[in-house]
Amino acid sequence: MKRQATPLRWVLCLAWLCMGGLAFAAPPQRDWPAIPSPSGARNYWVAQYMEHNTIPMQIRGFESAESMQEISRYYEKWFADKSGYGVSSVGESRVLGARLGVYQVTVQLRAVPSGTVGRLVAAVIYEEGGGSAEERAERVGKGFPRPPGSLVISDTLSYDEGQRNRTIMVTNGVSVETNALYLREQMIRLGWTLLQDRTVEGGERSALVFRRGAEEMVVTIARRDDAYIVVASQTTPD
């Protein structure tokens, strides 16, 4: 009987959300592990390099006409002698994973009418990534102003067509109007110029666009149940 492993759930969620390939400009170079793909599968990049909450990772996708059971057996054989190998289910997905050196490698499979779609994820193991946990936690959301009491949910860095992209998601209990007011004041203090300020849906949603030199940041603020979600997407030419 196979051991059950607790997968990196944030890796799983992120991998399935990143559905399009990214053409990277000049991402940092790493010695990524070689994860095989099934014979005859169509392979494509989801992310050649990205950092999610300071964790470097690489994500490749594939589509196969074979069943998920067949593909799973293929990876069970490949993982069999790897350290910390385990397999589990998350919703309708089957997740296999193990440690290869300083990387956590995760294979995520899902059955579709045409066969199987998969994600091959290699993520640097947290304690191997450099710096203490406290130092790394301080880098998440660093430099982005938010009202006191805000919680940074995610901070994702990627590279695309000659520019660096950073997307930060924050949640708090502050209204859309107050969040927007706070951001307008703080961003102007940081040297940004406000280009657009729109509030729609009866004050339940706001969109702000800032510019600083060649950098641009698009911020959306929306109410979601009893909380407010702020998503900031910043692009910086490389």
Side-chain angles (χ1 to χ4, degrees), residues 2-53 55-125 154 156-167 169 231 233 235:
K2 295 182 178 65
R3 289 172 291 171
Q4 297 296 309
T6 301
L8 297 176
R9 289 178 181 267
W10 54 267
V11 173
L12 175 63
C13 294
L14 186 65
W16 285 116
L17 285 172
C18 296
M19 297 302 291
L22 297 179
F24 288 83
Q29 298 299 306
R30 297 191 63 93
D31 186 18
W32 297 102
I35 310 173
S37 60
S39 176
R42 183 181 77 86
N43 296 275
Y44 54 91
W45 283 113
V46 175
Q48 287 183 281
Y49 181 93
M50 69 189 311
E51 292 181 13
H52 179 65
N53 291 348
I55 302 295
M57 65 174 61
Q58 187 177 79
I59 307 172
R60 188 156 47 94
F62 70 82
E63 298 175 359
S64 173
E66 296 186 27
S67 70
M68 188 172 74
Q69 290 75 18
E70 292 174 301
I71 301 297
S72 181
R73 284 194 291 270
Y74 170 83
Y75 282 109
E76 287 168 17
K77 292 180 181 178
W78 185 73
F79 273 120
D81 61 349
K82 307 294 190 293
S83 175
Y85 165 56
V87 57
S88 63
S89 296
V90 179
E92 298 181 352
S93 300
R94 185 169 179 79
V95 183
L96 304 92
R99 177 169 178 161
L100 275 69
V102 300
Y103 297 94
Q104 174 70 30
V105 172
T106 307
V107 174
Q108 305 154 10
L109 307 174
R110 188 177 65 192
V112 294
S114 59
T116 306
V117 293
R119 292 290 183 272
L120 310 177
V121 183
V124 176
I125 294 173
S154 65
T156 303
L157 177 69
S158 64
Y159 295 77
D160 183 20
E161 298 178 356
Q163 65 186 20
R164 186 170 64 254
N165 308 307
R166 185 186 186 193
T167 301
M169 182 179 293
V231 179
S233 181
T235 57

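Because the structure is predicted, anything quoted here is derived from the model rather than measured.
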Taking the basic N atoms (NZ, or NE/NH1/NH2) and the acidic carboxylate oxygens, is any pair closer than 4.0 Å for Arg73 and Glu66?
no
Distance-minimising heavy-atom pair for Thr167 and Ser233:
OG1-OG, 3.8 Å
Over 60° means perpendicular and under 30° means parallel, so tell me whether Tyr75 and Trp78 are parallel, tilted or perpendicular.
perpendicular
Point-to-point distance, once rounded to the nearest 0.5 Å, from CD of Gln48 to OH of Tyr159:
13.0 Å
CZ of Arg119 to OG of Ser93: how many Å apart, nearest 0.5 Å?
10.0 Å
Nearest 0.5 Å, what's the CD1-OG1 distance between Ile55 and Thr156?
11.5 Å
pair Leu109-Leu96: side-chain heavy atoms closer than 4.5 Å:
yes
What distance separates Ser158 OG from Gln163 CD, expressed to the nearest 0.5 Å?
8.5 Å
Taking Ile35's backbone N and O only, do any of them form a donor-acceptor pair with Arg60's side chain (distance below 3.5 Å, no angle check)?
yes
On a heavy-atom basis, the closest approach of Thr116 and Ser67 is OG1-C, 3.1 Å
What are the two closest heavy atoms between Tyr44 and Phe62, and how far apart are they?
CE2-N, 3.9 Å
Heavy atoms of Tyr49 and Arg30 approach each other most closely as CE1-CD, 4.2 Å
Check Ala122 against Trp32 and note the closest heavy-atom contact, atom names and distance.
O-CZ3, 3.4 Å
Any side-chain heavy atom of Val107 within less than 4.5 Å of one from Phe79?
yes
So, are Arg110 and Glu92 salt-bridged, with charged N and O less than 4.0 Å apart?
no
Return the CD to CG distance between Gln108 and Leu120, rounded to the nearest 0.5 Å.
8.5 Å
Contact summary for Leu157 and Arg164, nearest pair of heavy atoms:
CD1-CG, 3.2 Å
With a cut-off of 6.0 Å (strictly less than), are more than 12 heavy atoms of other residues, nucleotides or ligands near CG of Asp31?
no
Report yes if the side chains of Tyr74 and Pro36 come closer than 4.5 Å at any heavy-atom pair, otherwise no.
yes
From Ser83 atom OG to Arg99 atom CZ, the distance as rounded to the nearest 0.5 Å
7.0 Å
